[in-house]
Trainee: 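One structure is given below, represented as C-alpha cells, and several questions about it will come after.
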Amino acid sequence: MLIILHSGSTQEDVATVIAELAGVSITGYPARNQGRQVIALSQHLNLELRTWLQQACPQVERILDIRAPYKLASTEYRPEPSTVIVGQGASQVRVGPGGFVVMAGPCTIESEEQLFKTAALVKQAGANVLRGGAFKPRTSPYSFQGMGVEGLKLLQRAGQQYNLPTVTEVMESAYVEAVAEYADILQIGARNMQNFPLLREAGLAGKPILLKRGPSATLEEWLMAAEYILATGNEQVILCERGIKSFDPATRNCLDLGGVVAVQEKTHLPVIVDPSHATGKRSLVTPLGLAAAAIGASGIIVECHPHPEQALCDGAQSILPAQLVALVKGVHNVAAVVRDIYEPVESDVAA
Ligand code: PEP
Ligand code: MN
C-alpha cells in the first residue's frame, strides 16, 4: 500500500501518521514521490483500516492499494512509461518512450587524448551520451582501477566540448558528491546493485541514475533496488540489463532480452541494454544492440575505443569507430520499424 499525504505535508505529519499506524501494529516507511511525502506499507490494509486511517489522519490524501513489493517503481502506481531527462540545455536527452538513446564511450578513461578522441567519434556517430569509467570495479586488485577524480574532470570537459551528457560509475558512497558534481548520470554498477547505502546516497544526489542489473539478480530484486532510489524522492532512474550469469563462458554473460520485455511490463522506468558487458566480444555487440532496439528497449550503452587493442580495460568487447557509426544508424532504423508495431494507433487496437 502507498499512503500519499497532502501536498505541503511536513516530516512531522509523516511522523504523526506513522505513529497512528504503529498504534495498530502496522509499520509505515517514509518515502517521497513527485515532491510529496509518501508512506509505504508492505502489508495490506482492509477497507475498515483504510476508512479508520483517513478519519484519524487528516494529513492523508489518498491510500493506494499497490500489491507489488516495489511500489513507486510499479506500473500499478504509474501505468504510463516515464521519461528521464539527462543533461542540460542544448545537449539534453530524453530517455523513455518514443525515442532510442545511444550511450557510448570507452570502458575506462585512460588519458585526455584517448577520451577526447573517443568523444569526437561518439558525437560524429550520432550517439547521445558519453560514457567513461573513472572508478572501475575490477575483478583483480592488480588491474587498472581508473583515473579517479582526474578522470571525472576529463569526462566533464569532454562532455562540454562535444555537447554530450555524461555517464560514469560511482562505486562508493564517499564519492557520490564528486561524481554528481562532474557527471550528468550516476551509474550504479552490476556488482553494487544491492549496495543499499550507496543506492540511497546516490538517490539523494538528485541526478539521474543508471541502475545496472546485478549479474545474478532476479527482476524483482532489480526493481527493489530501484525502489531504494525512488524512495529518496529521485524519480530519474534508468534500468540497464547487462547480462546475467550463465553456465557458458562463451559469452561473458547471458543477455536476458526476455527479462527486459518482462521488466517493462512491471515498471514504468525506462530500460536500456548493455550488449558490451553482456557478451564480452566485439563481434556480438552489434547484433545484440540491434536486438535491444527490436524488443523495444529505450536505448543501449556500448563501449567503443579508437584502438581497442591498446585499451586498458575491456578492449575485446569495445567496438571500432566505424562499427559505432553503423550501429547508431541501425538501432534507429530498427527502433522506427518496431515502434509502429508496439504502439499501434488506437483505432487499430479497437479493430
Ligand atoms: C561498466 O559499465 O564499465 C561496468 C563495469 O559495467 P557492469 O557493472 O555492468 O559490469
Ligand atoms: Mn567495461
Side-chain angles (χ1 to χ4, degrees), residues 101-110 114-115 118 122 127 129-141 143-148 151-152 155 165-172 175 179 183-195 198-199 202 208-217 221-222 225-226 229 237-246 249 251-257 259-260 263 271-282 284-285 288-289 292 297 299-320 324:
V101 296
V102 180
M103 307 186 185
C107 174
T108 182
I109 300 159
E110 299 166 7
Q114 171 251 14
L115 181 65
T118 315
V122 166
V129 175
L130 177 64
R131 67 151 284 152
F135 297 96
K136 295 303 302 174
R138 303 306 302 276
T139 302
S140 166
S143 299
F144 180 61
Q145 305 286 309
M147 288 180 71
L152 294 178
L155 186 66
T166 56
V167 55
T168 195
E169 176 162 356
V170 57
M171 278 176 34
E172 50 183 318
Y175 282 101
V179 174
D184 296 298
I185 307 171
L186 276 57
Q187 175 174 318
I188 304 289
R191 293 156 193 79
N192 263 323
M193 188 204 83
Q194 285 187 311
N195 181 339
L198 178 63
L199 294 173
I209 309 282
L210 181 67
L211 177 64
K212 289 199 155 191
R213 180 182 180 185
S216 313
E221 286 163 343
W222 190 14
I229 301 167
V237 179
I238 303 162
L239 300 174
C240 178
E241 159 64 32
R242 46 76 74 200
I244 50 176
K245 290 277 181 206
S246 89
T251 57
R252 184 177 177 177
N253 289 292
C254 181
L255 183 59
D256 186 11
L257 290 176
V260 173
V263 86
V271 186
I272 70 166
V273 168
D274 176 347
S276 306
H277 293 91
T279 62
K281 202 170 164 193
R282 185 172 312 122
L284 303 180
V285 172
L288 290 179
I300 51 173
I301 179 164
V302 289
E303 291 182 341
C304 62
H305 199 290
H307 304 288
E309 70 290 351
Q310 293 167 14
L312 293 182
C313 184
D314 284 349
Q317 68 193 32
S318 299
I319 58 172
L320 294 155
L324 181 64

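Remember, it's 1-based here, ligands and their atoms both numbered in the order they're listed.
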Trainee: Spell out, as yes or no, whether a donor-acceptor pair under 3.5 Å connects the side chain of Glu110 to the backbone of Leu312.
Mentor: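 Yes: the side chain of Glu110 pairs with the backbone of Leu312.
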
Trainee: Is it true that a side-chain atom of Arg213 and a backbone atom of Arg242 form a donor plus acceptor pair closer than 3.5 Å?
Mentor: no

Trainee: Is there a donor-acceptor pair closer than 3.5 Å between any side-chain N or O of Thr118 and the backbone N or O of His305?
Mentor: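 No, Thr118 side chain to His305 backbone: no donor-acceptor pair under 3.5 Å.
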
Trainee: CZ of Phe135: more than 12 outside heavy atoms within 6.0 angstrom?
Mentor: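 Enclosed: over 12 neighbouring heavy atoms sit under 6.0 Å from CZ of Phe135.
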
Trainee: Quick one: do the His277 and Glu303 side chains pair a donor with an acceptor below 3.5 Å?
Mentor: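 Yes, Glu303 and His277 have a side-chain donor paired with an acceptor closer than 3.5 Å.
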
Trainee: Give the minimum heavy-atom separation between Val167 and Met103, together with the two atoms involved.
Mentor: CG1-SD, 4.2 Å

Trainee: Can you name the nearest heavy-atom pair linking Pro215 to Ala190, along with the distance?
Mentor: CD-O, 3.6 Å

Trainee: Provide the protein N, O or S atoms situated under 2.8 Å from the Mn ion (ligand 2); waters are not included.
Mentor: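 The answer, once waters are left aside, is Cys107 SG, His277 NE2, Glu303 OE2, Asp314 OD2.
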
Trainee: Taking all atoms of both residues into account, what is the closest heavy-atom pair of Asp274 and Cys240, and its distance?
Mentor: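 Looks like CB-SG, 3.8 Å.
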
Trainee: Show the protein residues that qualify under the rule heavy atom under 4.0 Å from an atom of ligand 1, listing them in chain and number order.
Mentor: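 Shell around ligand 1 (4.0 Å, heavy atoms): Arg131, Lys136, Pro137, Glu169, Gln187, Gly189, Ala190, Arg191, Lys212, Arg242, His277, Glu303.
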
Trainee: I need the minimum non-hydrogen distance between Val273 and Ala292, along with the two atoms involved.
Mentor: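 Shortest heavy-atom separation between Val273 and Ala292 comes out as CB-CB, 3.6 Å.
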
